[in-house]
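Below, each value reflects all heavy atoms present in this structure, side chains not excepted, and no hydrogens, waters or symmetry copies. In this chain, numbering begins with 1 at the start of the sequence shown.
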Amino acid sequence: MDAPAAKRSRSCPAGPEERDAGAGAVRGRGRPEALLDLSAKRVAESWAFEQVEERFSRVPEPVQKRIVFWSFPRSEREICMYSSLGYQPPEGEHDTRVPFTRGLHLLQSGAVDRVLQVGFHLSGNIREPGGPGEPERLYHVSISFDRCKITSVSCGCDNRDLFYCAHVVALSLYRIRHAYQVELRLPISETLSQMNRDQLQKFVQYLISAHHTEVLPTAQRLADEILLLGSEINLVHGAPDPTAGAGIEDANCWHLDEEQIQEQVKQLLSNGGYYGASQQLRSMFSKLIPMQVREMLRMRDSNGARMLILMTEQFLQDPRLALWRQQGAGMTDKCRQLWDELGALWVCVVLSPHCKPEEQASWLQLLGKWDKLDVCPLEEGNYSFNGPSLQPTTALSPELLQKGSTCITNTEGWVGHPLDPIGCLCRALLEACRLEEETLALYPDSGPEKRKVAYQHVQVPGSPGESYLALALEVALLGLGQQRALPEGLYAQDKVVRNEEQLLALLEEVELDERLVQVLRKQAGLLLDGGPSSGFGEVLFRESVPMHTCARYLFTALLPHDPDLAYRLALRAMRLPVLETALPAGDPHPNPLDSVMSNRFPRWFILGHLETRQCELASTMLTAAKGDPKWLHTVLGSIQQNIHSPALLFKLAQDACKTATPASAPPDTTLLGIALELGLQVMRMTLSTMTWRRREMVRWLVSCATEIGPQALMNIMQNWYSLFTPVEAATIVAVTGTTHATLLRLQLDAPRREELWACARTLALQCAMKDPQNCALPALTLCEKNHAAFEAAYQIVLDAAAGGLGHAHLFTVARYMEHRGLPLRAYKLATLALAQLSIAFNQDSHPAVNDVLWACSLSHSLGRHELSAIVPLIIRSIHCAPMLSDILRRWTLSAPGLGPLGARRAAKPLGTDRAPLCQLLDATVAAYINTSHSRLTHISPRHYGDFIEFLGKARETFLLAPDGHLQFAQFLENLKQTYKGKKKLMLLVRERFG
């Protein structure tokens, strides 16, 4: 942060008489010390010692020292701003890396020593502990100051940044907090003026001797020039003094490293622009610098304009600007955001009440110059709407045609405008009403919460009864309530949202008193009666920006004072005109659980956000209306009319239910009914479009109905056709509504409990009839305890089997029947399933294999009669030889009957030479033969081994027949003759089987 020290020529000192005579310039004779200090403060703050060439020399030395003493900044606020304001440490680091905090820690640890003030120059050493294994580091710091402002800094750490380093902070804080411990000397020229010739010669020679390696060439050069009578140095009156301060005509501002600002901007641009730059740079230019500029304006610091000029010039040198202009392309959103911020800051600077007319003129000249450049980007495009003609949403009778209401009168919105006029004016008015200066967080690492800004009413000069605070509120509401067209483009629309949120954040900081409440009431009434110029007027147009966010603030603020006005305003703002015209009332949402599809509304990029804000407004009203049936039903009607997103309606229903059922108070039945009604609407809207959230919604609806009571629960069961799918009704509604927890919650007596059970069983049977595949088993389960209902459900399954109920579902119900101890019904359903089944010769891993084996085991356990009846079904349905062989062997292991479910057992196992197993054996042998021929048709050598193993299993089955050896031999001979061309395979057959 090196900067050239201020140098001013000093004349020869005045004599003692002149010095005594000049004392009156600062103090009168005999004044008390306190008054002398006060005079010295005023001199130090307003003019330097060179305002009049010899004036300082005429002032007595005690007064000179007092002026020098009071010329250093006395507030830590500026030091903090220029070292840490808005500083964001790198990711992973804490606030201990903030320069101001580091400097404070250095000061508190005693790292500052050898502090010396010579005139307007302060110097000192800072000893900073090194890292682990590193030695202590020593830094020499120099600071020049003038009229209570630091004008230049220099530090041995060579830190190059926009901020003062921690060492400059430590020295500055030492001078502020321990001012009387600092060794104080007058400007060096004043000290030299008190020396005679011999002393001056000794001083110069000692100085050269102490630093001869550095200053000897310079000393010789100066000596040569002084000895030369016609030299330039002899033509100048006096000599420069870096410790003497500046003149009144010189610029007086805090030190700002302009070179670093330019370098930082260049680095931002050279790193690939705004997306490729580091997070620290992006944070600095989007948050830090705007914050710092505004703080400078608040403190009447001229560096704010200097920073903006430097930044603007660097951004205008961005090579991409010319490229975008040639290509006719728009800037990137990140780039446009920074330009918008620059524009807003320039508005603040130019309109600052503290700037001088000549400063404003020079800035406006600069802005005009930049604006004429070809590469200078235009303001955000299309703020004036040039699209299709806008039509009303209702059928026109810092009355409507007679009114002539056929278009938006304000297509260019004030909120979201590139220059942010409402925000700038509102901030300027609020700034004038600050009760006290908001203190900066001087100790960031201590983590204090941000203090809420306090405002007071300040009278507007010449306007009795008007205050800047009331005007700020009026201005903000005027802009927020303006009916305006939504601008084109994602960035512009997002900016509208951000500006609204920023304005409302400002208003929420203002504590409302009776005077401001009256302003609110007046403005709310004007907005309601504002006609087409108001977003709260009766006529709202399709392209209008919705008023949800503004209405939510007004509703919350007005509710304690004028509930009727608050509800009227919020209900009027519930409209979302773009959906009202595109989706007629009662039409289902095109995408039930998300916002409106973007391809239907290509311009409304932020539609999802707007719908969310609409939902938040509705939720706020529902919560506030708790306990008031009139307003609750009014709000419900508005919700049903204006909100078209099922996902948001479901959220509203959940919020209402939660509000209606506090843990420590009785439930609000009216609000619970509202929640249930919203839930029912969601069910109806999403019935035809199944989504993953439906199950959650159905469960919640049953829970909400349970909170209301058994009648509500039975109502949704009785009207399930219009609310749920059969699966949802049978598996969620009926089951959840009759669980033990639900029954305990309802606290029903026996008759009412049976009534609820009967309703659930009826629901289950209806679902089973409508969707037997998915609902038959749930219906059987639910009807277990009621014989008539269970029989009805069983009959539904039997009827459905003839109507196409698949074998998988039939097997599932059959297994359930066996588990319930009804083997004959299980057997019946298994036979129906087998009748529908077909397993080919090569489907060894068919999904129904286990079900078939189970059915065969069931029939075997029941007895010979059931086994005999199922064999024809097995033969007809199954053509897979290994599977048939497996079934055959299972049935020959034990006698049928007297199994786990059988009545009695036969004397001995069934033989394969008698019915019914002989038919199954023949079918199995035939299956092996057919499968062999099928496999041999397209067999490859690598499958020869598998085929030999297959023949081995076939032989085991052949041998179960009385003449099995003969049959298998004939079978092999047939294969050898038929496939004699496959010599290698036939050789393997002979080796294995002969």
Side-chain angles (χ1 to χ4, degrees), residues 86 285-298 304-305 308 333 336-355 363 367 379-380 383-384 398 410-434 438 450 452-453 455 458 467-487 489 491-510 516 519-520 523 527 534-535 545-554 557 606 609 613:
F285 284 96
S286 63
K287 298 178 182 177
L288 184 155
I289 287 183
M291 185 187 304
Q292 195 162 20
V293 170
R294 288 193 172 98
E295 185 67 17
M296 289 174 177
L297 291 176
R298 182 177 294 123
L308 285 182
D333 286 350
R336 190 177 299 161
Q337 183 176 350
L338 292 177
W339 276 99
D340 282 349
E341 187 62 49
L342 278 180
L345 291 175
W346 271 115
V347 171
C348 294
V349 169
V350 174
L351 297 183
S352 173
H354 309 305
C355 67
W363 295 335
L367 292 170
E379 294 178 358
E380 170 59 51
Y383 269 83
S384 58
N410 301 312
T411 56
E412 183 176 64
W414 298 328
V415 175
H417 190 279
L419 298 181
D420 190 20
I422 297 296
C424 290
L425 185 53
C426 184
R427 289 186 183 92
L429 292 170
L430 288 176
E431 188 67 28
C433 302
R434 282 177 176 264
E438 184 182 9
K450 183 180 178 182
K452 188 175 182 181
V453 183
Y455 298 101
V458 176
S467 77
Y468 288 123
L469 193 56
L471 288 178
L473 183 59
E474 289 186 21
V475 165
L477 295 180
L478 183 67
L480 290 167
Q482 177 199 27
Q483 181 167 192
R484 57 200 183 275
L486 189 73
Y491 179 80
Q493 294 176 13
D494 182 66
K495 188 175 181 182
V496 169
V497 173
R498 284 187 283 110
N499 281 176
E500 283 185 349
E501 292 173 348
Q502 291 166 1
L503 272 175
L504 290 172
L506 286 176
L507 296 184
E508 287 171 354
E509 288 183 346
V510 179
L516 294 180
V519 173
L520 273 180
Q523 290 301 312
L527 288 173
S534 169
V545 176
M547 297 287 110
H548 308 135
T549 310
C550 175
R552 188 181 178 196
Y553 165 78
L554 288 172
I606 59 169
H609 177 85
R613 292 292 178 264

**Study point:** Student check: side-chain heavy atoms of Val510 and Leu473 closer than 4.5 Å
**Key:** no
Practice item. Mind checking side-chain contact (heavy atoms from CB on, under 4.5 Å) for Val545 and listing every partner two or more places apart, or none if nothing turns up? Key: Arg484, Leu486, Val496, Glu500
**Study point:** Closest heavy-atom pair and its distance - Trp363, Ala305
**Key:** CZ2-CB, 3.4 Å
Exercise for review: Check the pair Asp420, Arg427 against salt bridge (charged side-chain N to carboxylate O under 4.0 Å, His left out), reporting the backbone distance first and the verdict last.
Suggested key: CA-CA 11 Å; Asp420 190 20; Arg427 289 186 183 92; 3.4 Å; yes
Check your understanding: Between Leu477 and Leu520, is any pair of side-chain heavy atoms under 4.5 Å apart?
Key -> yes
Point to revise | Check: Gln483 side chain, Ser534 main-chain N or O, donor-acceptor pair, under 3.5 Å | key: yes
Check your understanding: Do Val475 and Ile422 have side-chain heavy atoms sitting under 4.5 Å apart?
Key -> yes
Practice item. State, with a plain yes or no, whether a side-chain heavy atom of Leu469 is found less than 4.5 Å away from one of Leu430. Key: yes
Check your understanding: Are Asp340 and Tyr491 side-chain neighbours, meaning at least one heavy-atom pair lies under 4.5 Å?
Key -> yes
Review point. What do the steps show when you test Leu480 against Leu554 for side-chain contact (heavy atoms from CB on, under 4.5 Å), and what is the final call?
Key: CA-CA 11 Å; Leu480 290 167; Leu554 288 172; over 6 Å; no
Practice item. Could I get the full list of side-chain contact (heavy atoms from CB on, under 4.5 Å) partners for Ala470, not counting sequence neighbours? Key: Ser467, Leu516, Val519
Exercise for review: For Arg613, enumerate each residue passing the salt bridge (Lys or Arg N to Asp or Glu O under 4.0 Å) test, keeping only those at least two apart in sequence or located in another chain.
Suggested key: Glu501, Glu616
**Study point:** Whether Gln482 side chain and Gly535 backbone form a donor-acceptor pair below 3.5 Å
**Key:** no
Revision key, fill the gap. d(Leu506 CG, Gln502 CD) to nearest 0.5 Å is 8.0 Å
Review point. Given side chains that start at C-beta, do those of Tyr468 and Tyr455 come closer than 4.5 Å, heavy atoms only?
Key: no
Point to revise | CD on Gln493 to NE2 on His609, rounded to 0.5 Å | key: 11.5 Å
Practice item. List the atom of Cys426, the atom of Ala476, and the distance in Å for their closest heavy-atom pair. Key: SG-CB, 4.1 Å
**Study point:** Heavy-atom closest contact (Gly413 atom, His417 atom, distance)
**Key:** O-CB, 3.5 Å
